[in-house]
Amino acid sequence: MNENTIPIRFDHSTAADEIAQRWDKAGCSHAEVNPNKKPYSIVIPPPNVTGALHLGHGLNNTLQDILIRTKRMQGFEALWMPGTDHAGIATQAVVERRLKEQENLSRHDIGREGLVERIWSWKDQYEKRIIGQLQRMGCSCDWRRTRFTLDPTCAAAVRATFFDLFQKQLIYRGKRLVNWDTFLQTAVSNDEVENVTKKGHFYHFRYPVIDPKPGEPEFVEIATTRPETMLGDTAVAVHPDPSAALDRVANELQEKLVAASAKEKTDVQAQIDALAKRRESMLPKLIQLRDMAADGRQLMLPLVNREIPLVTDEWAKPELGSGCVKITPAHDPNDYEVGQRQELPMINILNPDGTINSVAPAYEGLTIPQARKQVVADLDEAGLLGDIEDRDIEMPLSDRSKTAIEPYLADQWFVKMDELAQSAMDAVSDERVKIFPTRYRKGYLDWLGEKRDWPVSRQLWWGHRIPIWSATFETEAEANAIVDKAKSLAGDDQISAAVQPNADGESFNVFVCLRNEDSPLEPKLEALRLVRDADVLDTWFSSALWPHSTLGWPQKSAELDYFYPTSTLCTSRDIITLWVARMVLMGLNNLGEIPFDQVYIHPTILDGHGERMSKSKGNGVDPIDVIEKFGPDALRFGLTEIATETQDVRMPVQYECPHCEKLVDQTKKNRTATTIDCPECKKTFSTQWAESEADKQHPKAAVVSEKFENSRNFVNKFWNASRFVLMNLEGFTPQAIDVAKLPVEDRWLLSRLATVTRQVTDAIEHFRFAEARSVIYDFAWNEFCSFYVEIAKPRLADEKERSLSQNVIVHGLDTLLKLLHPITPFVTESIWGFLNEIAPTRGLDRKPASELLMVAPWPESDSSHNDAAIERQFSEFQQVVVAIRQIRASQSIKPQETVPVSLTCSESSQALLAPMSTYFAGLAGADVLAIGPEVEAFETDAPLTIPGIGIEVHVDLEKFIDVEAELSRLEKLLGQIIKQVAGKESKLANENFVSRAPADVVEKERSSLTDLIARRESVEADIKKLREKASSD
RNA sequence: GGGCGAUUGGCUCAGUUGGUUAGAGCGCUGCUUUCACACGGCAGAGGUCACUGGUUCGAAUCCAGUAUCGCCCA
């Protein structure tokens, strides 16, 4: 092979595709049940089909691929199960929003079937894109097994699970205050709500007291940020012991005062004073109100003219506002709890679309902002409106629709968590499931420990429809009769029915769950006036089954037997509770076994400003953009670099100017711009936000990160080192190698390979990905390329040495290719192909190489090759090379000049360095004239003593001398040595150190000091000599 | 309010159980382009390891507190 056979750069844009096809054709990533091998399996955290993947997914999947490729090479039957998630609310929201924007239609305009059809086509489009992204990244998933959380296989698992839980009475229906998205008209989970602070008002109202006794106030004042909710008020609360409550607050403030800094003190003191004043002016009235409440006084709720009680509850804060608080149990989470404690009626004032309902006929049909305005105006007219203050208010916004969330009382299906949660806690507590890093255990256990029931219904059309048919009856007997009829339709493996009384106790619900989809029992149930539930299940319900549903459960498949429990789950920390915990409890419920042995939590990628990456912010980076600019290997190598044990990593984001390829930093300002002017070439480019025709005229910039540039450079470096080896393999013949007889550099290489193999293997197996990368990066670049390849050059040119040298260097390359393959699969596979052409049989074992690197056996670390003495000796050689280079640089000696060098050293160093002396020519441009204990300095000498090993390097400067430069080098060196001597002396003068530190540490310091003093004297002598020479010239 | 984490050269980050002169990449300075690689090579400058206290013969590392920032949960 020559320089024309192999291009000077690895052309990933043409090679990657071809390599991927070869892998695919050979079925390398397909796993089958194989009793001859041990299984290793990973299920992908299914990316949701809402949008394309960004670098966070890139990281997640790169790490999984590193694990799966390593295990595959280690001889495991390695299955990486791929697939995507239907992401119920997120996907429906995106499609609905587009429907509104592009066609001005709502989901009701096109109906359930129409909407679901559109979502499916969205899903098809994005699933294709996502899988394409993963494939271009080189992810070696078993694509033939690709699943989707809504496909028939997963649906069967969902149905089986739901039926089972229903039968075990772990599923029930209840009214709960939910986060209601009035745009999507569904409940959303807490995780889908974000709180924003907005400017609003704090309105004071007066509610009349009914029949006040003499001396009692005629009005009670309350305040609210949401006036319209007063239509649903069912009480006003006052604190049961206002005096004690005020005392407690005062005590807290006193404690705060003691701990406060001087700056804060005045502020805290002011609060204390205000509280004392308040106590004086308001306490008697609050006590009076408390007594009125105890006496059962009623208030007249204005506008709706409803009598509501004055109650005592600790939720009322005597230190705030009027000390009284209105209670709207159906529209506020705190009030809901008060309502439950006080057994208050819960009055829902909203229609599902967020307009006021018939509870308040005068306001019916008004939107919330309209109703707010009207209520305030009407109260004003009635003379019941007090002050209106400006105030910052926290407003919950739906992540999905970006509209305001309303607390809303709705019927929801719940999964009872008590025992299920406990089982999942036990699995982690007793380490059947191990979480890495271990700090994440706490969050998992704390969250499950709350054992909050899981609301699983979503008022959506996209998802697994809840398989329950229900009807309401006035008497229990009627309900029971229907249950009996339903049960008589089929066996209890097919149908399950239950009666649940309504909260009001005046009606009875019948719920019937069917085991099978499209069951012939459905029309029979409908004949009994039972109606199928319109809701669908929370997406996490199906994701929770992922490790077993993808393997075919509830069918008893061979795959399930062989690959379940899976080995490792690799995910990010934000879904430890939502997903990981639920997989554990569902796995235990459905199979009685944990879903995976290990959970590895990788860091979260933030942008350069410390913000989470997201497409909607404009700071999301598409892995494809990075691949196109830097290549898939560079993407993976760079992502591996950031996979440390930390929890967040920053990834600065840049635009790549399409005109001049300059990388332009993304700022908070320019990331929302539609066009940007390149600071380099001054031309304009557009961004993802460009919409107008004028903006779109400008070419669009890819969004990338310079983080990958270094990785691209590494890939290139490695490619070229391989290219060099390949170009020097002419006439390659495998030959037997007697390790003991190899020259130092070869034994050094073998020793280092053994160490690096062990380190890389160990790091990957313990999820220390960044460490694996850096070990291999440092070794490949700074040892293999910088030293071994350089030394090999003269040997490969020497006919007598060529064959042996070829054999050793090929063995080194072969090992490196294997170790690097999980991280950079494409470039290594490409080189492997070339290597197979010219050296199909190679390595110390002289075995034929596998056709594809992807399925080659993982290298074993041969500890018999580890040789500490050889490594130490080689290090001396390296240090001498560096010393010569330093002298050359300080004298500005041109690279093409060869300098005469002599080395004064011990006999043992001489024995090592003598056979390697010719290598100094290539590595340091040095002609080594003499080596040994008796070797003396040159007449015009530049000396450098290497600390620790006592080798004196002498360079003959006769032809080159620059006295000033040399003096300045020596003086700088002397300065450093003097500083170090002083440090050591003071340390050793410290009696405490000498007597208390371990003897070996003290001894080390002593000998180091002796060494330093000798060097100081030597440098001082050199300076003196040089000065004398300079003055005599 | 609670939990978790971060703070190390201009930037992004390593730093294993405390122990020579705290490392890397990018950027910067100087030299370098026939001889695998300029996406390269060689040399160099640049850090009181956020702050305060403590433990210790010895602290970037252990402990306590403070500040700033981030993420998660209420």
Side-chain angles (χ1 to χ4, degrees), chain A residues 2-3 6 8-10 190-191 195 259 261 333 437 439-440 442-443 446-447 450 572-577 603-604 606 608-612 630-631 634 638 641-642 644-652 665 705-728 763 768 770-771 773-774 777-778 781-782 785-786 789-790 792-793 797 881-882 884-896 922-925 947-948 972 976-977 979-980 983-984 987-988 990-998 1000-1002 1004-1005 1007-1009 1011-1012:
Chain A
N2 59 40
E3 62 267 32
I6 311 169
I8 198 165
R9 301 226 168 110
F10 174 55
N190 285 334
D191 320 289
N195 285 304
S261 67
R439 63 172 180 273
Y440 293 115
K442 190 172 153 44
D446 287 353
W447 186 82
E450 293 180 24
S572 68
R573 68 177 185 284
D574 50 336
I575 49 176
I576 294 173
T577 52
T604 302
L606 310 176
H609 309 286
E611 294 184 44
R612 253 186 115 85
F630 297 113
E641 185 180 3
I642 64 175
T644 61
E645 275 209 9
T646 186
Q647 68 177 17
D648 301 310
V649 288
R650 287 188 182 209
M651 174 74 69
D665 285 348
S705 176
E706 66 182 358
K707 270 261 170 189
F708 298 100
E709 198 169 322
N710 176 35
S711 300
R712 189 265 322 263
N713 295 352
F714 174 78
V715 169
N716 179 249
K717 181 76 181 178
F718 184 71
W719 170 262
N720 272 287
S722 307
R723 178 172 178 263
F724 169 82
V725 174
L726 292 164
M727 278 162 34
N728 282 280
R768 299 191 309 263
E771 184 186 315
R773 186 222 74 121
S774 78
Y777 176 98
D778 290 341
W781 197 314
N782 300 326
C785 292
S786 296
V789 167
E790 291 304 322
K793 282 176 184 173
V881 167
V882 169
I884 299 170
R885 286 171 178 170
Q886 284 171 338
I887 294 171
R888 291 184 61 116
S890 72
Q891 288 287 317
S892 303
I893 295 169
K894 295 270 169 213
Q896 52 272 32
L923 281 155
K972 188 180 144 201
Q976 287 171 351
I977 296 170
K979 242 163 82 181
Q980 286 167 41
K984 300 268 175 214
K987 201 169 188 181
L988 285 161
N990 182 344
E991 180 53 35
N992 272 327
F993 173 68
V994 179
S995 61
R996 298 207 195 186
D1000 58 323
V1001 172
V1002 177
K1004 222 159 119 193
E1005 290 294 301
S1007 79
S1008 154
L1009 177 62
D1011 191 44
L1012 278 168

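Side chains are part of it too, since the values below use all heavy atoms of this structure and drop only hydrogens, waters and symmetry mates. Fair warning: this is a prediction, and the values are worked out from it, not measured in the lab. In what follows, every chain begins at residue 1, and chains take the letters A, B, ... in the order their sequences are listed.
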Counting side-chain heavy atoms from CB outward, which of [options] is closest to [X]?
{"X": "A:Arg650", "options": "B:U32, B:A36, B:C69", "answer": "B:C69"}
{"X": "A:Asp648", "options": "B:G41, B:G70, B:G44", "answer": "B:G70"}
{"X": "A:Thr646", "options": "B:G19, B:G5, B:A36", "answer": "B:G5"}
{"X": "A:Gln886", "options": "B:C13, B:C42, B:A43", "answer": "B:A43"}
{"X": "A:Asn716", "options": "B:C39, B:A36, B:C71", "answer": "B:C39"}
{"X": "A:Lys717", "options": "B:A36, B:A43, B:U20", "answer": "B:A36"}
{"X": "A:Gln980", "options": "B:U21, B:C39, B:C4", "answer": "B:U21"}
{"X": "A:Asn710", "options": "B:A14, B:G5, B:G25", "answer": "B:G25"}
{"X": "A:Tyr777", "options": "B:G19, B:G5, B:G25", "answer": "B:G25"}
{"X": "A:Asn720", "options": "B:A36, B:G5, B:A43", "answer": "B:A36"}

Please determine if a side-chain N or O atom of [X] lies less than 4.0 Å away from the OP1 or OP2 oxygen of [N].
{"X": "A:Lys972", "N": "B:A45", "result": "yes"}
{"X": "A:Arg9", "N": "B:C39", "result": "yes"}
{"X": "A:Ser892", "N": "B:C31", "result": "no"}
{"X": "A:Lys894", "N": "B:U32", "result": "yes"}
{"X": "A:Lys707", "N": "B:C13", "result": "no"}
{"X": "A:Asn713", "N": "B:G40", "result": "yes"}
{"X": "A:Trp719", "N": "B:G40", "result": "no"}

Separation of the [atom1] atoms in [N] and [M], to the nearest angstrom:
{"N": "B:A38", "M": "B:C26", "atom1": "P", "answer": "15 Å"}
{"N": "B:A50", "M": "B:U61", "atom1": "C1'", "answer": "16 Å"}
{"N": "B:C28", "M": "B:C62", "atom1": "C1'", "answer": "37 Å"}
{"N": "B:G30", "M": "B:G23", "atom1": "P", "answer": "25 Å"}
{"N": "B:A24", "M": "B:C49", "atom1": "C1'", "answer": "16 Å"}
{"N": "B:U8", "M": "B:U48", "atom1": "C1'", "answer": "12 Å"}
{"N": "B:U34", "M": "B:A45", "atom1": "C1'", "answer": "33 Å"}
{"N": "B:G9", "M": "B:A22", "atom1": "C1'", "answer": "11 Å"}

Where is the tightest heavy-atom contact between [X] and [Y], given as atom of each residue plus distance?
{"X": "A:Gln980", "Y": "A:Leu1012", "value": "OE1-CD2, 3.5 Å"}
{"X": "A:Pro603", "Y": "A:Ile642", "value": "CG-O, 3.7 Å"}
{"X": "A:Phe993", "Y": "A:Val1002", "value": "O-CG2, 3.9 Å"}
{"X": "A:Glu641", "Y": "A:Ala770", "value": "O-CB, 3.4 Å"}
{"X": "A:Cys785", "Y": "A:Ala721", "value": "SG-CB, 3.5 Å"}

Atom-pair distance ([atom1] on [X]; [atom2] on [N]), nearest Å:
{"X": "A:Arg573", "N": "B:G70", "atom1": "CZ", "atom2": "C1'", "result": "9 Å"}
{"X": "A:Asp446", "N": "B:C73", "atom1": "CG", "atom2": "C1'", "result": "10 Å"}
{"X": "A:Phe10", "N": "B:A36", "atom1": "CZ", "atom2": "C1'", "result": "16 Å"}
{"X": "A:Glu790", "N": "B:C35", "atom1": "CD", "atom2": "P", "result": "12 Å"}
{"X": "A:Trp781", "N": "B:A38", "atom1": "CH2", "atom2": "C1'", "result": "11 Å"}
{"X": "A:Asp1000", "N": "B:U20", "atom1": "CG", "atom2": "P", "result": "12 Å"}
{"X": "A:Leu726", "N": "B:A36", "atom1": "CG", "atom2": "C1'", "result": "10 Å"}
{"X": "A:Glu645", "N": "B:U61", "atom1": "CD", "atom2": "C1'", "result": "15 Å"}

- Message: Closest-nucleotide mapping onto RNA chain B: is A:Asp778 or A:Lys442 further toward the 5' terminus? I mean the 5' end.
- Response: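 The residue whose closest nucleotide sits nearer the 5' end is A:Lys442.
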- Position toward the 5' end of RNA chain B (nearest nucleotide), A:Gln896 or A:Leu1012: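 So the residue in question is A:Leu1012.
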Just to be sure I understand the rule, does [X] reach a base, reach only the sugar-phosphate, or reach nothing, if contact means heavy atoms closer than 4.0 Å?
{"X": "A:Lys793", "value": "base"}
{"X": "A:Ser995", "value": "nothing"}
{"X": "A:Val649", "value": "sugar-phosphate"}
{"X": "A:Lys1004", "value": "nothing"}
{"X": "A:Leu606", "value": "sugar-phosphate"}

- Message: Tell me whether the NZ or CZ atom of A:Lys707 lies within the 45° cone about the ring axis of A:Phe630 and under 6.0 Å from its centre.
- Response: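 Checked: cation-pi criterion not met.
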- Message: Given the ring of A:Phe708, does A:Arg712 sit roughly above its face, with NZ or CZ under 6.0 Å from the centre of the six-membered ring and within 45° of the axis?
- Response: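 No, a cation-pi geometry is absent between A:Arg712 and A:Phe708.
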- Query: Does A:Glu645 CD have over 12 foreign heavy atoms under 6.0 Å away?
  - Reply: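 Open.
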- Item | Min side-chain heavy-atom separation A:Asp574-A:Thr604 under 4.5 Å |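 A side-chain contact is absent here, since even the closest heavy-atom pair is not under 4.5 Å.
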- Message: Quick check: do A:Lys793 and A:Leu923 have side-chain heavy atoms less than 4.5 Å from each other?
- Response: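 The answer is no; the side chains never approach within 4.5 Å.
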- Message: Would you call the rings of A:Phe718 and A:Phe714 parallel, tilted or perpendicular, taking 30° and 60° as the class edges?
- Response: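 A:Phe718 vs A:Phe714 ring planes: parallel.
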- Message: Under 3.5 Å, is there any donor-acceptor pair linking the side chain of A:Arg712 to the base of B:C39?
- Response: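 Pair found.
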- Secondary-structure stems, RNA chain B, at least 3 Watson-Crick or G-U base pairs under 3.5 Å: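 Stem segments, range with range: B:1-7 with B:67-73, B:10-13 with B:23-26, B:28-32 with B:40-44, B:50-54 with B:62-66.
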